[in-house]
Asker: 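So that we are looking at the same thing, I have put the structure below in structure tokens.
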Amino acid sequence: MKINNIQKFLERIPSSIYLAIAVLIFASSNSVTRKIVAIGKQNLIDGRNPISLCNVLFVGNICAFGLMACIFHQDWKIKNLKAISLKNWISLTIMGILSGAIAPALIFTALEQTNVTSIVLIGRIEPILTLILNVCLLGASVNAWTIAGSFVSFAGVVVTALLTTSHSKMMMMGGFAIGNGEILVAIAAVIVSISTIVSKLQLRAIPLGIMTLYRNALGTVIFFILANVLYGVEHFQDAFSPLLWQWMLIYAAVIVVTGQICWLAGLKNATSTELNLASLFNPIIAIIMAYLILAEVPTQAQYLGGSLLLIGFIFSFIGNRYQTKISRELKKPNLPEAEEMIGGFRGV
């Protein structure tokens, strides 16, 4: 009886509250990750950091898998597994490797080489690329406001990448010096965009629990293999450190599981306007959290790039509102809502 009362209470919570909690959690993820790594540097084991970024990704994924298995285990029924075609298993495997292993590894590597604000701003190239791929591959319709917003946002990303002075190694491109960290984030954004389109083309009928757990498990295994090949088997020698597991259980429970549950709960009854606002405020809150948690002060280049991104978001928001109105008249789901529904977990 008490459980039913709790469920009824949770169902009465507005979707905007769930989305706000999810955005706050996801926006804090990169800053929290770097803060946890800093804690590890203060507790070295024979000169090694037990909470290295590789250990965070590997052990964090294991903890997240265990927690999500408790939530989504009912999706793993024999009939559900048999209903998935070989083509869909191949697509799911590709998505798991891209978004579950390679993209997170690139972002975590970038965290070692550049600041969180740059990662947030340059990472905004992902929704722009996803929009372009939606139009080119799925025939999605967009209006002038959305197109203008994408162009302005892309200009913001370019300004941030070209004018930011990174402490990472630099690469010369067209006379401009771009940090390797910024390049890694851009590559990760491209990979996530491709993964999103693959999921929209092939994986709509696959239960969320199967997709989530399979991607997590496959990504963890692939990352472990790649790290051992690139760095050697001793790279994970501190993976069983009690300090690491203590923080990773908290990280997985809050950042991964709670964030994802709140996001999915918010999606159930959220309007397109609420989803667009969540997408709009995510990078803004991420920059604020980087300042509060890591004391990162944005540079002039990041202020300029962020301002352009904000203008682009406003244009896109106007375009999305217009598109939503037309979609309701035609009784069709609008692009942003469909994209967010399939995109799922947006954190790292």
Side-chain angles (χ1 to χ4, degrees), residues 23 26-27 30 103 106-107 110 113-137 140-168 170-194 196-197 275-291 296-323 335-336 339-340 343 346:
V23 168
F26 293 158
N30 284 331
L106 290 173
I107 294 175
Q113 304 184 24
T114 190
N115 58 44
V116 171
T117 302
S118 288
I119 291 175
V120 171
L121 294 178
I122 296 175
R124 297 311 297 170
I125 196 176
E126 178 209 329
I128 301 172
L129 293 174
T130 303
L131 176 65
I132 294 173
L133 292 174
N134 266 299
V135 173
C136 296
L137 300 179
S141 60
V142 294
N143 52 57
W145 282 105
T146 302
I147 295 174
S150 296
F151 274 112
V152 175
S153 297
F154 183 73
V157 172
V158 172
V159 166
T160 303
L162 296 182
L163 300 183
T164 296
T165 303
S166 175
H167 63 267
S168 65
M170 310 296 284
M171 180 180 294
M172 297 302 297
M173 295 182 64
F176 289 93
I178 303 178
N180 287 352
E182 284 75 15
I183 294 174
L184 292 176
V185 175
I187 295 174
V190 174
I191 290 174
V192 173
S193 296
I194 295 173
T196 299
I197 295 301
L275 291 173
N276 293 333
L277 285 174
S279 178
L280 171 66
F281 282 109
N282 183 64
I284 298 174
I285 296 176
I287 295 173
I288 294 174
M289 297 308 295
Y291 174 76
E296 281 191 6
V297 179
T299 63
Q300 289 185 345
Q302 291 167 346
Y303 274 123
L304 178 58
S307 298
L308 290 173
L309 282 166
L310 181 58
I311 295 173
F313 292 154
I314 294 174
F315 285 174
S316 297
F317 178 72
I318 296 173
N320 290 339
R321 290 289 298 272
Y322 178 76
Q323 189 72 29
L335 173 62
E339 181 179 323
E340 292 293 343
R346 311 302 297 173

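Counting begins at 1 with the first residue of the sequence. Because the structure is a prediction, the values reported are computed rather than measured. For the numbers below, each heavy atom of this structure counts, side chains included, while hydrogens, waters and symmetry mates do not.
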Asker: Without swapping roles, check the side chain of Glu296 against the backbone of Val116 for a donor-acceptor pair under 3.5 Å.
Answerer: yes
Asker: Is the side chain of Gln302 donor-acceptor paired with the backbone N or O of Thr299 at a distance under 3.5 Å, no angle test?
Answerer: yes
Asker: Does Leu129 have any side-chain contact (heavy atoms from CB on, under 4.5 Å) partners at least two apart in sequence or in another chain, and if so, which?
Answerer: Ile125, Val190, Ser193
Asker: Compare every heavy atom of Ala301 with every heavy atom of Val159, then report the nearest pair and how far apart it is.
Answerer: CG1-O, 4.1 Å
Asker: Return the OG1 to OH distance between Thr160 and Tyr303, rounded to the nearest 0.5 Å.
Answerer: 13.0 Å
Asker: Rounded to the nearest 0.5 Å, what separation is found between the CG atom of Leu308 and the CZ atom of Phe151?
Answerer: 14.5 Å
Asker: Show the nearest heavy-atom pair for residues Ala188 and Ile107, with the distance to one decimal.
Answerer: CB-CG1, 3.7 Å
Asker: Using every non-hydrogen atom in the two residues, find where Ala103 and Ile191 come nearest and quote the distance to one decimal.
Answerer: CB-CG2, 4.0 Å
Asker: For Val158, what residues pass the side-chain contact (heavy atoms from CB on, under 4.5 Å) criterion, not counting sequence neighbours?
Answerer: Phe154, Leu162
Asker: Can you name the side-chain hydrogen bond (donor to acceptor under 3.5 Å, both in side chains) partners of Ser153, sequence neighbours left out?
Answerer: none
Asker: Taking atom CG of Leu106 and atom CD1 of Ile183, what is their separation to the nearest 0.5 Å?
Answerer: 11.5 Å
Asker: Minimum heavy-atom separation for Ala110 and Gly181, please, with both atom names.
Answerer: CB-O, 3.5 Å
Asker: Measuring from atom CD1 of Ile128 to atom CG of Leu133, what distance do you get when rounded to the nearest 0.5 angstrom?
Answerer: 12.0 Å
Asker: What is the minimum heavy-atom distance between Ile287 and Val120, and which atoms define it?
Answerer: CG1-CG1, 4.2 Å
Asker: Set out, in order, the CA-CA distance, both residues' side-chain angles and the distance that settles side-chain contact (heavy atoms from CB on, under 4.5 Å) for Arg124 and Asn282, then state yes or no.
Answerer: CA-CA 10 Å; Arg124 297 311 297 170; Asn282 183 64; 4.1 Å; yes
